[in-house]
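Per chain, numbering begins at 1; letters A, B, ... match sequence-line order. Not measured: the values here are computed from a predicted model.
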Amino acid sequence: MHNNKDLRKNLENIKKKLKDRNFDFDISLFQNLDENNRKLISKKEKLEQEKKLLSKSKDKNNFEKSKEISKEISKISEDQIIAQNKLNKLLHILPNLALEDVPIGKDERSNKLIEQFGTIKKFSFKPKSHVDIGLKNNDIDFETSSKLSGSRFVVLKNKIALLERALINFMLDTHTLEFEYIEVSPPLIVNEDVMFGTGQLPKFEEDQFQIKFENSDQRKFLIPTAEVVLTNLVRNSLIDYNQLPQRYVAATPCFRKEAGSYGKDTKGMIRQHQFQKVELVSIVEPKNCNAELERMLSCAKKILEKLDIPYQIVLLSSGDMGFSAEKTYDIEAWIPSENKFREISSCSSCGTFQARRMGAKYKSQNGNEFVGTLNGSGLAVGRLMIALLENNQNEDGSVTIPNVLKKYMNNLDKI
RNA sequence: GGAGAGGUGGCCGAGUGGUUGAAGGCGCACGCUUGGAAAGCGUGUAAACGGGAAACCGUUUCGAGGGUUCGAAUCCCUCUCUCUCCGCCA
């Protein structure tokens, strides 16, 4: 969410920057709604002041007049709330603006390759996909999952289930012990305003799974990522500056409808309605957002380096970034069966965009200011498992367990 | 699910109809004191929105929303959350 005053002052500039985010901002619509709203506010305030004076006078002769003003106020208030809602409807769907060093472009074709790590293994045989590898013992079982839950779910069994747990533990240990993230085990169901805070609502409601409780008209949602809960840990709060930065990590299931992606990645575990993800979130002073983004990226990269999986870093273009982001790096891991890199993490700085939505501030030296928020996958577990299985596969169909993972895998060398 | 008690500023905590945006304490900031620090003393310290170049001014806000009243933190209703006890339960 943007600052209203900034918006008013820099309309043309912001319109241009929103265009870079593929958002067509209607300036005159905004101005009409904004002016109408402000007109009603000042009208209301004048009446309120008048009424206040009358009641303070405690003069019985004024009481009738005061009653009349009350009626007028409630009528104008209704109009004002309607005007405010109309304005909010527009403001709430404006995406964040891209930082200066973000490449401008409509879509992923303008993304910028930053670096590559690791050497891509040359197989002496045709590498199998994770789906085929999982067919052994039926440990990645899509047949059963479709029976249970339909498409885009999976049942993992045996050593593959163990591998999932091992990867989660390995990542959590790395982030907590080496990088000072605080481990959190959060709720997976959250309130509507929490989803608003990080920007999933109102614009992306169709991607979310909604939960309805009995005897309540409140809507709740399954989290699409732990970013939602971890970032909102600081919602509606005022933090002392010496309590920053705060760094949180959580491994949670994530739930997504994946609306609009029908037909895409239908095979295998790449795109599921439910998947495990280890998520990193930082709450920082806004001036430190950039440094923290680099730090977060390096924490996520470290996981792939320890597992010796080749990856590349991509700086997303303005048009390819998520709604709340001001700058995003994707980490893409090498997938042998597809002969290409695929997204396994996305690390974003959101500046103060989410903090405004959440009402998250800190006491800085110059008064109370909104905090900066960042989030990144560290990493997506399902996709990491795919990368690991495929990159470490042997001709006989077995998969070699990397050294760092052995202690989490009951000391197995291979599966 | 039953019974009770609560939700006040960054935090704790007074406050039961009229300058209460709100005592007191803690915290924080600045100053004095000190060789330096701590302690001590003094001063200051809510937010949102609107107007203004700014100083500043105005309105709102005591969990949320309604109601009573000329006037509500204070009275009434609904909702919500927290705590305690009982029941049930992984």
**Message:** Regarding B:rG58, can its base be found pairing with the side chain of A:Q49 as donor and acceptor, where the two atoms are less than 3.5 Å apart?
**Reply:** no

Which whole number of Å gives the distance between the [atom1] atom of [N] and that of [M]?
{"N": "B:rA37", "M": "B:rC49", "atom1": "P", "answer": "39 Å"}
{"N": "B:rG63", "M": "B:rG15", "atom1": "P", "answer": "15 Å"}
{"N": "B:rC32", "M": "B:rG13", "atom1": "C1'", "answer": "30 Å"}
{"N": "B:rG24", "M": "B:rA38", "atom1": "P", "answer": "25 Å"}
{"N": "B:rA14", "M": "B:rU8", "atom1": "P", "answer": "11 Å"}
{"N": "B:rU45", "M": "B:rA23", "atom1": "P", "answer": "11 Å"}
{"N": "B:rU19", "M": "B:rA73", "atom1": "P", "answer": "10 Å"}
{"N": "B:rA55", "M": "B:rU34", "atom1": "P", "answer": "37 Å"}

Could you tell me whether [X] contacts a base, only the sugar-phosphate backbone, or nothing, with contacts defined as non-hydrogen atoms closer than 4.0 Å?
{"X": "A:K65", "result": "nothing"}
{"X": "A:L238", "result": "sugar-phosphate"}
{"X": "A:K5", "result": "base"}

**Prompt:** Judged by modelled atom types alone, do A:T198 and A:Q354 share a side-chain donor-acceptor pair under 3.5 Å?
**Reply:** no

**Request:** If the plane angle is over 60° it's perpendicular, under 30° parallel, otherwise tilted; pick one for A:F323 and A:F353.
**Result:** perpendicular

[N], OP1 or OP2 - any side-chain N/O from [X] closer than 4.0 Å?
{"X": "A:K67", "N": "B:rU69", "result": "no"}
{"X": "A:K363", "N": "B:rG10", "result": "no"}
{"X": "A:Y241", "N": "B:rG27", "result": "no"}
{"X": "A:R8", "N": "B:rC49", "result": "no"}

Taking a pair as Watson-Crick or G-U wobble with both distances under 3.5 Å, which nucleotide is matched to [N]?
{"N": "B:rA23", "value": "none"}
{"N": "B:rG42", "value": "B:rC30"}
{"N": "B:rC70", "value": "B:rG18"}
{"N": "B:rA5", "value": "B:rU82"}
{"N": "B:rC49", "value": "B:rG58"}
{"N": "B:rA37", "value": "none"}

**Residue whose nearest RNA chain B nucleotide is more 5′ - A:K9 or A:D240** =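 Mapping each residue to its closest nucleotide by heavy atoms, the 5'-most match is A:D240.
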
**Message:** Quick check: on RNA chain B, is the nucleotide nearest A:S66 upstream (toward 5') of the one nearest A:I41, or the reverse? Name the residue that is more 5'.
**Reply:**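 Per heavy-atom nearest nucleotide, the more 5' residue is A:I41.
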
In terms of side-chain heavy atoms of [X], which of [options] is nearest?
{"X": "A:E48", "options": "B:rG50, B:rA46, B:rU59", "value": "B:rU59"}
{"X": "A:R38", "options": "B:rU60, B:rG50, B:rG71", "value": "B:rG50"}
{"X": "A:K52", "options": "B:rU60, B:rG50, B:rG71", "value": "B:rU60"}
{"X": "A:S70", "options": "B:rU60, B:rG50, B:rG71", "value": "B:rG71"}
{"X": "A:E45", "options": "B:rG58, B:rA47, B:rG50", "value": "B:rG58"}
{"X": "A:S55", "options": "B:rU60, B:rG27, B:rG18", "value": "B:rG18"}

**Message:** Checking side-chain contact (heavy atoms from CB on, under 4.5 Å) between A:E343 and each of A:D330, A:I331, A:V314, which is the one that passes?
**Reply:** A:D330

**Item:** Ring centers of A:Y311, A:F117 separated by less than 6.0 Å
**Value:** yes

Whole-Å gap separating [atom2] ([N]) and [atom1] ([X]):
{"X": "A:L40", "N": "B:rU59", "atom1": "CG", "atom2": "P", "result": "18 Å"}
{"X": "A:E369", "N": "B:rA47", "atom1": "CD", "atom2": "C1'", "result": "15 Å"}
{"X": "A:I73", "N": "B:rU60", "atom1": "CD1", "atom2": "C1'", "result": "12 Å"}
{"X": "A:N368", "N": "B:rG9", "atom1": "CG", "atom2": "P", "result": "14 Å"}
{"X": "A:N88", "N": "B:rC49", "atom1": "CG", "atom2": "C1'", "result": "12 Å"}
{"X": "A:L47", "N": "B:rG50", "atom1": "CG", "atom2": "P", "result": "19 Å"}

**Prompt:** Which heavy atom of A:K406 sits nearest a heavy atom of A:L412, and at what distance?
**Reply:** CG-O, 3.4 Å

**Item:** Basic-acidic side-chain contact under 4.0 Å: A:E100, A:K327
**Value:** no

**Pairing of A:R38 and A:D34 as salt bridge, 4.0 angstrom limit** = yes

**Message:** Could you tell me if A:R165 sits above the aromatic ring of A:Y408, with its cationic atom closer than 6.0 Å to the ring centre and no more than 45 degrees from the axis?
**Reply:** no

